Amino acid sequence: MDRPGRFLLSPFSHTPWKPQDVRVTSNNPALNLAGKALTPGAQRSWWLREALAVEKDAAPCPALNGDLKADVVIVGGGFTGLWTAYHLTQAKPDLKVVILEQDICGGGPSGRNGGFASGWWDELDGLIALYGREPAVRACRALSDSINAIGDFCQAHGVDAWFRHAGYLYAATAPQHEAVCEEIVKLAREVGAPDELRALTTEEVQARCASPAFRTGAFMKDGASVQPALLARGLRRVLLEQGVTIHEGTPVTRLDAGPPAVAITPGGTVRAPRAVLAVNAWAVGWPQLRRRLVAWSSYIVLTAPAPEKLAEIGWSGGELITDFRTSVRYFRTTRDGRIAFGGGGGRASSRIDDSFTRDTRAVEEAAEGFRRLFPSFADVPLEDAWGGPIDVSPTHLPTFGSLEPGNLYYALGYTGNGVAPSHLAGKVIADLVTDSDTDSTRLPMVNPKPRLFPPEPLRSIGAAVIRRAIIAKDTAEETGRNPNPVMSAIARMPRRMGYLLGP
Ligand SMILES: Cc1cc2nc3c(=O)[nH]c(=O)nc-3n(C[C@H](O)[C@H](O)[C@H](O)COP(=O)(O)OP(=O)(O)OC[C@H]3O[C@@H](n4cnc5c(N)ncnc54)[C@H](O)[C@@H]3O)c2cc1C
């Protein structure tokens, strides 16, 4: 039984996280998935394999074995947990901070994402609807500062995470999307930030990246690319140097809120006055949080190096790029001339299981998107693929704050956009933990009234039906067909129900 002051993990979420190889056998040779069978290597995303390969000592930190006391215990060693620990040690170097990570730091989405550290100027619509104009702009500015601060962190600590502040290109791939594009540009202008997001003609889009599918677009200054696993592992290294205790291979199976909070793991406990839940999509396993999110999968495919093909299409500026589909596609280049291309589908699940790492259909969907947008790469094989869970919130935006009985802190709901916001979340949580009243703690997404999804099984069934409708609508629009009106109506249901999701 759940009782006040006790925070529980439900039994099914004890499933260990074992990122597995994706083995894709596609019947569609046009996808050129490394000659039919794609076997991404060694259980880790390509980013993380690259990062571990250059680490001096990549051995995991030992699992917790015994009972510890600390000032703050953090559950989860992704960006949120790591940035929280970083900001805490910056503010109070003597604080004893312990991070408990079930896998290794960066083994989850923080080491598997697209590496888009991007701003919120394209989210103004939702931010204003939720919080009003002035707080919305304040939040956007705070996130801009976080993007710069990630670059400063890398510089200051010698972390080569490929940080490149080259901006973010939005490219419309269907006539319907051009109106959406105009809207986001107009809104930035209306709030007095015309330089943050500006319209691009088709020629200007093509000059940055010549895909035959691209029409008009927009350019957001707030966009930096990172090699996400190098950033996560660099953070881990810096934290260890600063005296933070990290236990990897250490799942927290229960958290007693106390106070003091007690994090219970198979090998021991950590007792601390304050605890931080930095578990991202795994929050679906925590009864007190599960209605705040839908766990959704996202997959990335990676080409072989093809710098000469990138030169042909003029994509040499390092811009991050997305389209305007609701089932959004996102793509960027790597230092050795590859394209990492994500999205286009994914699915929901009420638990974090194999569907987040072994969904061959989702890999094919990403591959289909890539082949459609980059036909000149037809003979360049897709060499790698991986997936992971994202935490979709009812508002498409994250919230940060404290939970009952007041000594537990969380950041949740990044909705697939957590690389830069997790830095901001870490700052907010560190300020809350140290009882500091700052500009960060006064941001509008700190401790708002929670918005909830319907309970299971409604949530998963609804998500599955709506997903199909959204993909059908996106595909029809992109191929010049009129979307089926029933599918369009279903795709719009989340908005009708008051969620800031979907078209
Ligand atoms: C394929 C993909 C592409 C993405 N692309 C982008 C992008 O380009 N830009 C962007 O901004 N965002 C992107 N995201 C989202 C981004 O990766 C996340 O928002 C961000 O990494 C969140 O960081 P986090 O620390 O909160 O979560 P995570 O990195 O998921 O870290 C949470 C950690 O908690 C651990 N954990 C969970 N439960 C327990 C437990 N009980 N005990 C101990 N440890 C536990 C997990 O193992 C995990 O390591 C993408 C996500 C995916 C999956």
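Because only heavy atoms are used, hydrogens play no part in the values below, and waters and symmetry mates are left out as well, while side chains stay in. Keep in mind the model is a prediction, meaning the values are calculated, not measured.
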Checking L127 against C140 for the side chain to side chain contact (heavy atoms under 4.5 Å, CB included) test, could you report, in this order, the C-alpha distance in whole Å, the side-chain angles of both residues, the deciding distance, and whether it holds?
CA-CA 9 Å; L127 284 166; C140 291; 3.8 Å; yes
With the threshold set at 4.0 Å, does a side-chain nitrogen-carboxylate oxygen contact exist between [X] and [Y]?
| X | Y | answer |
| --- | --- | --- |
| E456 | R459 | yes |
| D439 | R141 | no |
| E368 | R372 | no |
| E365 | R467 | yes |
| K473 | E477 | yes |
| D195 | K221 | no |
| D145 | K427 | no |
| R338 | E383 | yes |

Compare all side-chain heavy atoms of [X] with those of [Y] and state whether any distance is below 4.5 angstrom.
| X | Y | result |
| --- | --- | --- |
| L230 | V54 | yes |
| L143 | P421 | yes |
| I339 | F370 | yes |

Do Y499 and S393 pass the side-chain hydrogen bond (donor to acceptor under 3.5 Å, both in side chains) test, and can you show the C-alpha distance, the side-chain angles, and the key distance before you say yes or no?
CA-CA 9 Å; Y499 302 117; S393 80; over 6 Å; no
Applying side-chain hydrogen bond (donor to acceptor under 3.5 Å, both in side chains) to H157 and Y86, what does each step give before you reach the verdict?
CA-CA 12 Å; H157 296 283; Y86 179 74; 3.1 Å; yes
Run the side-chain hydrogen bond (donor to acceptor under 3.5 Å, both in side chains) check on D431 and T438 step by step: do they pass?
CA-CA 7 Å; D431 288 349; T438 63; 2.7 Å; yes
Parallel, tilted or perpendicular: ring planes of W315 versus F331, cut at 30 and 60 degrees
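Rings of W315 and F331: perpendicular, as their planes differ by over 60°.
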Hey, what's the ring geometry for Y170 with Y168, parallel, tilted or perpendicular (30° and 60° as the breaks)?
parallel
Is the positively charged end of R292 above the ring of Y410, judged by distance under 6.0 angstrom from the centroid and angle within 45° of the axis?
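Yes, R292 and Y410 form such a contact.
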Pi-cation contact, F219 with R208 (under 6.0 Å, within 45°)
yes
Check: F153 ring centre within less than 6.0 Å of W83 ring centre
yes
Residue pair G426 / T84: nearest heavy atoms and the distance that separates them
CA-OG1, 3.4 Å
Verify side-chain hydrogen bond (donor to acceptor under 3.5 Å, both in side chains) between D353 and S355, making sure each step is shown before the conclusion.
CA-CA 5 Å; D353 56 18; S355 66; 2.6 Å; yes
Check step by step if side chain to side chain contact (heavy atoms under 4.5 Å, CB included) holds for L501 and T326.
CA-CA 9 Å; L501 295 169; T326 307; over 6 Å; no
Give, for atom CG of D474 and atom OG of S327, the distance between the pair rounded to the nearest 0.5 Å.
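Those atoms lie 3.5 Å apart.
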